[in-house]
Amino acid sequence: MVQENFVGRFAPSPSGPLHFGSLVCALASYLDVKIHGGQWLVRIEDLDPPREISGASQHILNQLEAHGLCWDGQVLYQSHRLQAYAEALTFLTDKHLAYHCQCNRKRISELNGVYDNRCRTRGLDAQNHATRLALHDHIGVVTFEDQIMGHISQNICSAVGDFIIQRRDKLFSYQLAVTVDDAFQGVTRVVRGTDLLDSTPRQIYMQQCLGYKQPSYAHVPIAVTKDGQKLSKQNLAAGLPPDNESLNLWVALDWLKQSPPNYLRVLAPAEIISWATENWDQSKLPATLKVPAPNGF
Ligand code: GLU
């Protein structure tokens, strides 16, 4: 079904090459956009320079192209968007929806990660302090209908408390940047891994604070190792094997429960993508948080 102005996106962090887990997210997002006749955007989330691996952004873009996942328009780099994040932060601070906080890491860990909002009424200035979003006590539970995982609800006050939108070292937080950029890019559907499911209520709340429209969400199970850990650059998941794009795609479609026929294995990536676009059925995806990665990935 073609929908006017349907926009999806893939938003990798350049902390290493694409691995199997990121390929399935990119593929699910791409196919979801294509069956809706929409635009598929790529955004490089290069907000955190110390975690960045030199050359990773270009490597990821090359891997996407090699797998036949071609994006629309220009790639957006978060490192070029600092002014927009600063403006959003000023807007929130001016509206008394954000405040500065001096609590250190030790104190936060003693609170088990749920901030008790201690600095909310202290009136601290910005210098050498982090900035937190003030959650209004009346918000209660944030709910949304996930296209795969169903009804999701979270009480963000008791689950996280007032959360950081700019760190003390002045790096903008993932939560702020992703919210500002999804709105800036006109994203109407977010398809990503279930590891971010519990970030979505925070992002929905921030969209409301900033007066943005809310996209719809579909969280795809994450690919995990035998002992249940997310495949990630941190646990040194292997990058996708090079010169193996057709098989990588076939295995990814199989893992996504799309029942790709065997003859596809040897076709060119563009042909596999074209089959997948015609046959994509999101309802076949399991509504579970984790699925083991296939052998060899
Ligand atoms: N950059 C994030 C990551 O690589 C994904 C952000 C998102 O899809 O919202 O995990």
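We count ligands from 1, going down the list as the structure has it; atoms in each ligand are counted the same way. Side-chain atoms are counted along with the backbone in the values below, which use heavy atoms only and exclude waters and symmetry mates. Since the structure is predicted, the reported quantities are computational estimates derived from the model, not experimental observations.
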[X] N/O to ligand 1 N/O under 3.5 Å:
{"X": "E45", "result": "yes"}
{"X": "P12", "result": "no"}
{"X": "K230", "result": "no"}
{"X": "S13", "result": "yes"}

Does any non-hydrogen side-chain atom of P241 lie less than 4.5 Å from one of F297?
-> yes
Any R189 side-chain heavy atom under 4.5 Å of D32 side chain | yes
Can you sort out which atoms of ligand 1 are near [X], meaning under 4.0 Å from one of its heavy atoms?
{"X": "R192", "answer": "7 (C), 8 (O), 9 (O)"}
{"X": "V178", "answer": "9 (O)"}
{"X": "R9", "answer": "7 (C), 8 (O), 9 (O)"}

Does R81 count as lying over the ring of F184, i.e. NZ or CZ under 6.0 Å from the six-ring centre, within 45 degrees of the axis?
-> yes
Got a second to check how far S13's OG is from Y174's OH, nearest 0.5 Å?
-> 8.5 Å
How are the rings of Y217 and H219 set relative to one another: parallel (under 30°), tilted (30 to 60°) or perpendicular (over 60°)?
-> parallel
Look at the aromatic rings of W255 and F20 and report parallel, tilted or perpendicular, splitting at 30° and 60°.
-> perpendicular
Could you establish whether F10 and ligand 1 come within less than 4.0 Å of each other, counting only heavy atoms on the residue side?
-> no
Taking only Lys NZ, Arg NE, NH1 and NH2, and the carboxylate oxygens of Asp or Glu, determine whether D116 and R107 approach each other closer than 4.0 Å.
-> yes
Between L196 and ligand 1, which residue portion shows a heavy-atom distance shorter than 4.0 Å: side chain, backbone, both, or neither?
-> side chain
